[in-house]
Visitor: 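Sharing a structure with you now.
Start at 1 with the first residue, then count along the sequence. Side chains included, hydrogens not; waters and symmetry mates left out as well; all remaining heavy atoms used. First listed ligand is number 1; within each ligand, the first listed atom is number 1.
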Amino acid sequence: MKKFTCVQDIGNLKSAIEEAFEIKKDRFKYVELGKNKTLMMIFFNSSLRTRLSTQKAALNLGMNVMVLDINQGAWKLETERGVIMDGDKPEHLLEAIPVMGCYCDVIGVRSFARFEDRDFDYQETILNQFIQYSGRPVFSMEAATRHPLQSFADLITIEEYKKTARPKVVMTWAPHPRPLPQAVPNSFAEWMNATDYEFVITHPEGYELDPQFVGNAKVEYDQMKAFEGADFIYAKNWAAYTGDNYGQILSKDRDWTVSDRQMAVTNNAYFMHCLPVRRNMIVTDDVIESPQSIVIPEAANREISATVVLKRLLEGLK
Ligand SMILES: CCC[C@H](NC(=O)CCC(=O)O)C(=O)O
Ligand SMILES: NC(=O)OP(=O)(O)O
């Protein structure tokens, strides 16, 4: 594997899940693979789970790890080409990227959507510059349009907890005080559509995601109807994608906050969220603290998804 930015990069999902379960039985099995190899993790945005789980995964494989928070300590970076750099940004990304590539063997990048220009975001401009100019294998730690490490961990978790071969999985929008990226819902939809699960997306009108990610999923504007008989509920907020509303908040309707009311019509569904979660906006305290909440095992599986991905990138170096 030369990059990991989307579901296609992991190849056959059944094999990827088998490898994840193998590594979960013995996460230090490949500790020699990363000897004298260095992972560099570059964050343009905050992180807890990705930062910690990906470092742990690198340590599981015997790698050295360096972490750079671009906005804390590094020079402010110009990302637009052709700009006259007479402002407050001393360095251009097009120098910084190959320089960072000199000091490591594998690069992870977190760079959220900026919501200034949809094409800039949806062309994955920043991530693709790392892929093009670093000279190293690059993986996404959440970019503008996807969060594949999260989605892979979500799939591992559903495979661990499902009670039927083809569970009904429902991704529901929920309200939030800030406009959040579409990366997590896009990516979850992309991975769910790559399985044979029954997959439903529910959100208020106006929050339609990019059709390239919705795929063959059923879109249901009636949240209660969507929840009927569900085996897994995956809650997430996202800002509007369509047209001039790109990056906007259209609704903060707390009737969409996941509570016992909605969970009561499911098939005793498990509750999932990528975290961090705004309690009593996205989900009530009772639901996220219930026995059906698997948000902690879901977060724990981030170490497993990252270990599989790093292992495959290291194998690709040979
Ligand atoms: C893994 C999720 C990362 C990010 N979440 C946030 O930015 C939450 C920030 C907040 O709640 O203020 C998102 O929604 O894409
Ligand atoms: N789910 C996830 O990626 O969490 P962080 O943003 O804390 O890394």
Visitor: I'd like the residue list for ligand 2, meaning every protein residue with a non-hydrogen atom under 4.0 Å from the ligand.
Guide: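 Protein residues near ligand 2 are Ser47, Leu48, Arg49, Thr50, Arg110, His147, Gln150, Cys274, Leu275, Arg302.
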Visitor: What pairs of residues pass the salt bridge (Lys or Arg N to Asp or Glu O under 4.0 Å) test when at least one of them lies in residues 271-288, not counting sequence neighbours?
Guide: Arg279-Asp285, Arg279-Glu289
Visitor: Between the side chain of Thr284 and the main-chain N/O of Asn280, is any donor-acceptor distance below 3.5 Å?
Guide: no
Visitor: Is the side chain of Asn245 donor-acceptor paired with the backbone N or O of Ala240 at a distance under 3.5 Å, no angle test?
Guide: no
Visitor: Assess the side chains of Tyr122 and Asn186: does a donor N or O sit below 3.5 Å from an acceptor N or O?
Guide: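 Yes.
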Visitor: Should the pair Arg118 and Tyr241 be classed as cation-pi, given the thresholds of under 6.0 Å to the six-membered ring centre and 45° from the axis?
Guide: yes
Visitor: Short N or O contacts of ligand 1 with protein, under 3.5 Å, listed by atom name?
Guide:
from	atom 1	to	atom 2	distance (Å)
ligand 1	11 (O)	His176	NE2	2.9
ligand 1	11 (O)	Arg278	NE	2.9
ligand 1	12 (O)	Arg178	NH1	2.7
ligand 1	12 (O)	Arg278	NH2	2.7
ligand 1	14 (O)	Lys236	NZ	2.6
ligand 1	15 (O)	Glu142	OE2	2.7

Visitor: Does Glu160 pair with Lys24 as a salt bridge, N-O distance under 4.0 Å?
Guide: yes
Visitor: Any Lys/Arg nitrogen of Glu198 or Arg166 sitting under 4.0 Å from an Asp/Glu carboxylate oxygen of the other?
Guide: no
Visitor: Rest of the hydrophobic cluster containing Val283 (Ile/Leu/Val/Met/Phe/Trp/Tyr, side-chain heavy atoms under 4.5 Å)?
Guide: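 Members alongside Val283: Val170, Val200, Met224, Phe227, Ile233, Val258, Met263, Val265, Phe271, Leu275, Val277, Ile282, Val287, Ile288, Val295, Ile296.
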Visitor: Taking atom CZ of Phe28 as the centre, does the number of heavy atoms from other residues, nucleotides or ligands within less than 6.0 Å exceed 12?
Guide: yes
